[in-house]
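As the structure is a computational prediction, the values presented were derived from the model and not from experiment.
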Amino acid sequence: MTPERYAKIMRVLSKRQPTLTVLMDQVNKPHNLSAIIRTCDAVGVLEAHAVAPKGGKLAEFEGHTFEATSGSAHKWVTVNRHQDAAQAVRDLQAQGVQVLATHLSQRSVDYRDADYTRPTCVLLGAEKWGVGDEAADAADGNIIIPMFGMVQSLNVSVAAATILFEAQRQRLAAGMYDTPQLTPQALADRAFEWAYPDLAPAYRERGEAYPALDEHGQIIA
């Protein structure tokens, strides 16, 4: 661990937005999944959520396909797996998170009209079938990206980027990137995990707290 590397880790973590996330409902193409995670990292999302496609397994966040698309972003954005999108929506809502589904319905609004300074999860569906009806109905709101072409849909990773950068714009204007959104302890824990990914699992398995790091990222004995 070099001082420069540790300084970058701390700089990135100080901008992380634990109250902004995405839920990918059966996004079945690894390159789309990967591209969404890369965007999450770019705008400061700390953790994302995903539901595996029915009849298949959720793509592992590793390997050539993922690496080539995500730019190693999978190392910096934790992805939590869920079995059911509607239940995942309810679980997030129980934590005080508004869920906005990318879904066309009678209650859909322009994605720019939503307030992303609130704790927010953007619910995204696979290109072929979109967000499931049950999850879309359970969401707090439905949002759409206005389009004026012959094709009335976007690649899911492009839609995710469009919405997440609007969320970033609103949060920048509100000063939410100016001060750390993580608690000091959460920031210190995540810094250790990022700085020492080979050591962190052993501490978790033993149920021990991570050791403290000095200002250069070195473990304090």
Side-chain angles (χ1 to χ4, degrees), residues 17 19-43 45 47-61 65-66 69-70 73-74 77-95 97-116 118-170:
Q17 305 288 300
T19 58
L20 178 63
T21 189
V22 300
L23 170 58
M24 296 169 282
D25 181 12
Q26 301 187 61
V27 174
N28 60 323
K29 296 181 180 179
H31 64 276
N32 284 335
L33 195 77
S34 304
I36 292 169
I37 298 304
R38 186 168 183 171
T39 299
C40 284
D41 176 60
V43 303
V45 169
E47 296 187 357
H49 303 267
V51 175
K54 286 184 171 61
K57 294 182 179 180
L58 189 61
E60 291 296 330
F61 298 97
T65 300
F66 187 87
T69 311
S70 73
H74 64 293
V77 179
T78 301
V79 179
N80 302 302
R81 275 78 161 179
H82 299 267
Q83 294 299 315
D84 178 76
Q87 186 58 54
V89 168
R90 290 188 285 269
D91 291 343
L92 287 162
Q93 290 168 331
Q95 298 169 34
V97 177
Q98 68 165 345
V99 179
L100 303 176
T102 54
H103 184 72
L104 179 61
S105 70
Q106 291 186 338
R107 63 183 181 126
S108 296
V109 299
D110 188 307
Y111 76 102
R112 291 163 293 194
D113 292 337
D115 180 4
Y116 299 97
R118 295 175 53 190
T120 300
C121 173
V122 178
L123 172 56
L124 304 153
E127 291 177 42
K128 187 174 182 180
W129 49 77
V131 173
D133 289 338
E134 185 180 359
D137 290 343
D140 297 280
N142 293 171
I143 54 176
I144 56 171
I145 301 172
M147 285 173 279
F148 306 100
M150 295 293 288
V151 179
Q152 292 295 300
S153 65
L154 290 173
N155 174 283
V156 65
S157 66
V158 175
T162 300
I163 297 166
L164 286 174
F165 275 101
E166 169 61 17
Q168 183 202 64
R169 185 193 68 79
Q170 292 187 18

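- In terms of modelled atom types and a separation under 3.5 Å, the side chain of Thr78 and the main chain of Glu47 share no donor-acceptor contact.
- Applying the side chain to side chain contact (heavy atoms under 4.5 Å, CB included) rule to Leu154 yields the partners Ile145, Met147, Val158, Ala159; only residues at least two apart in sequence or on another chain are considered.
- Take Thr102 and apply the side-chain hydrogen bond (donor to acceptor under 3.5 Å, both in side chains) test, not counting sequence neighbours, and it matches no residue.
- Under the 3.5 Å distance criterion, the side-chain polar atoms of Thr120 are matched with a main-chain donor or acceptor of Arg118.
- In this structure, Cys40 SG and Met24 CE are separated by 6.5 Å, a value rounded to the nearest 0.5 Å.
- The side chain to side chain contact (heavy atoms under 4.5 Å, CB included) check on Asp110 picks up Arg112, Asp113, Pro146, with sequence neighbours excluded.
- A donor atom on one side chain and an acceptor atom on the other are found under 3.5 Å apart for Asp91 and Gln87.
- With sequence neighbours excluded, the residues forming a side chain to side chain contact (heavy atoms under 4.5 Å, CB included) with Ser105 are His103, Arg107, Ser108, Asn142, listed by chain and number.
- Scanning both residues, Gln168 and Val43, for their nearest heavy atoms gives NE2-CA, 4.0 Å.
- The shortest heavy-atom contact between Ala136 and Val131 is N-CG1, 3.8 Å.
- Remark: Gln93 engages Val89, Arg90, Val99, Asp140 in a side chain to side chain contact (heavy atoms under 4.5 Å, CB included) (not counting sequence neighbours).
- A distance of 8.5 Å separates CG of Leu164 from CD1 of Ile36, quoted to the nearest 0.5 Å.
- Considering all non-hydrogen atoms of both residues, Ala160 and Leu124 come closest at CB-CD1, 3.7 Å.
- In terms of heavy atoms, Ala126 sits closest to Val27 at CB-CA, 4.0 Å.
- Here the CG atom belonging to Leu23 is positioned 5.0 Å from the CG atom belonging to Leu123, to the nearest 0.5 angstrom.
- Sorted by first then second residue, the salt bridge (charged side-chain N to carboxylate O under 4.0 Å, His left out) pairs that include residues 149-167, not counting sequence neighbours, are Glu166-Arg169.
- Here the side chain of Glu134 pairs no donor or acceptor atom with the backbone of Ala86 at under 3.5 angstrom.
- One finds the CD1 atom of Ile37 at 11.5 Å from the CG atom of Asn32 (value rounded to the nearest 0.5 Å).
- Residues Ile143 and Tyr111 come closest through the heavy atom pair CB-CA, 4.0 Å.
- Rounded to the nearest 0.5 Å, atoms CZ (Arg38) and OG (Ser157) are 11.0 Å apart.
- Side-chain N or O atoms of Gln98 include one that pairs as donor or acceptor with a backbone N or O of Asp115 at under 3.5 Å.
- Smallest separation of non-hydrogen atoms from Ala114 and Leu100: CB-CD1, 3.6 Å.
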